[in-house]
Amino acid sequence: MGEPVDRARVQAGLRLIARGLEEIAAALDGPAEVGEEERTARVIRDWGRRGLRKEEASALFRRHGFAPQTTGGWTRGDWVEIGDDGLRYLTAKSHEWLTGHDAGQHEAEQEEGS
């Protein structure tokens, strides 16, 4: 029991647990719950073009039903970048995705109204 902790294995295990919990939470979503795509759109709308501290970004993701670590995944996927000031900013990729998402929503609403 006196062996050092393998931090990489512990981190990997915690990430697996977090993903599993995310799946369980998604399974509990009822029909009134919004899906991941809409929650993503809401994050981008709320974030806007302002820079957020790490804690603020984590809180924003949590408020929309995402794990606070989602910021890291979005950074690796080029959806978020860290500015020279240390703040997190949404990239053009994020804003372009939202524009496409909102255009698709508008088209779907028009088709329903026809």
Side-chain angles (χ1 to χ4, degrees):
M1 198 69 183
E3 295 180 31
V5 174
D6 184 344
R7 290 179 57 100
R9 283 187 68 197
V10 171
Q11 289 173 327
L14 289 172
R15 286 186 184 101
L16 284 172
I17 291 169
R19 271 185 251 145
L21 292 174
E22 209 39 57
E23 289 295 320
I24 292 170
L28 295 174
D29 284 347
E33 299 288 330
V34 297
E36 183 175 346
E37 191 171 295
E38 181 56 30
R39 290 185 295 130
T40 298
R42 290 177 183 184
V43 167
I44 295 171
R45 281 189 208 106
D46 285 358
W47 194 320
R49 300 205 178 267
R50 64 193 163 110
L52 298 178
R53 292 186 328 270
K54 181 179 180 180
E55 301 78 24
E56 293 172 317
S58 294
L60 179 64
F61 279 110
R62 205 175 10 249
R63 189 166 52 247
H64 289 286
F66 290 100
Q69 302 85 352
T70 304
T71 309
W74 279 35
T75 302
R76 288 185 296 279
D78 295 325
W79 287 64
V80 170
E81 62 188 0
I82 300 174
D84 293 336
D85 55 5
L87 298 177
R88 279 108 184 108
Y89 295 89
L90 293 175
T91 63
K93 178 179 180 178
S94 298
H95 294 290
E96 289 166 7
W97 180 90
L98 180 62
T99 300
H101 170 78
D102 287 349
Q105 292 286 86
H106 181 72
E107 288 174 12
E109 290 171 3
Q110 284 184 333
E111 286 178 10
E112 286 177 10
S114 299

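FYI, side chains are in, hydrogens and waters are out, and symmetry mates aren't considered; it's all heavy atoms of this structure. Just so you know, residue 1 is the first one in the sequence shown, and it goes up from there.
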Under 4.5 Å side-chain linkage, directly or through intermediates, the cluster mates of Trp74: Val43, Ile44, Trp47, Leu52, Leu60, Phe61, Phe66, Trp79, Val80, Leu90, Trp97, Leu98
Remaining members of hydrophobic cluster (4.5 Å side-chain criterion), Leu16: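 Traced through the cluster, Leu16 reaches no other member.
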Main-chain N/O of Ala57 paired with Arg88 side-chain donor or acceptor, under 3.5 Å: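 Checking the backbone N and O of Ala57 against the side chain of Arg88, no donor-acceptor pair under 3.5 Å is found.
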Measure the [atom1]-[atom2] distance between [X] and [Y] for me, rounded to the nearest 0.5 Å.
X	Y	atom1	atom2	value
Asp46	Arg63	CG	CZ	6.0 Å
Arg49	His95	CZ	NE2	4.0 Å
Thr70	Arg39	OG1	CZ	8.5 Å

Set of residues satisfying salt bridge (Lys or Arg N to Asp or Glu O under 4.0 Å) with respect to Arg53, sequence neighbours excluded: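 Scan of Arg53 (salt bridge (Lys or Arg N to Asp or Glu O under 4.0 Å), adjacent residues dropped) gives Glu55, Glu56.
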Set of salt bridge (Lys or Arg N to Asp or Glu O under 4.0 Å) partners for Arg45, sequence neighbours left out: Glu38, Asp102
Exceeds 12 heavy-atom contacts within 6.0 angstrom, atom NZ of Lys93: yes
For Arg7, all residues meeting side chain to side chain donor-acceptor pair (under 3.5 Å), sequence neighbours excluded: none
Qualifying salt bridge (charged side-chain N to carboxylate O under 4.0 Å, His left out) pairs, either residue in residues 73-84, two or more places apart: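 Residue pairs with at least one partner in residues 73-84: there are none.
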Note, His101 side chain near Thr40 side chain (heavy atom, < 4.5 Å):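 Of all side-chain heavy-atom pairs linking Thr40 with His101, none is under 4.5 Å.
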Heavy-atom pair with the smallest gap, counting every atom of Pro68 and Ser58: O-OG, 3.3 Å
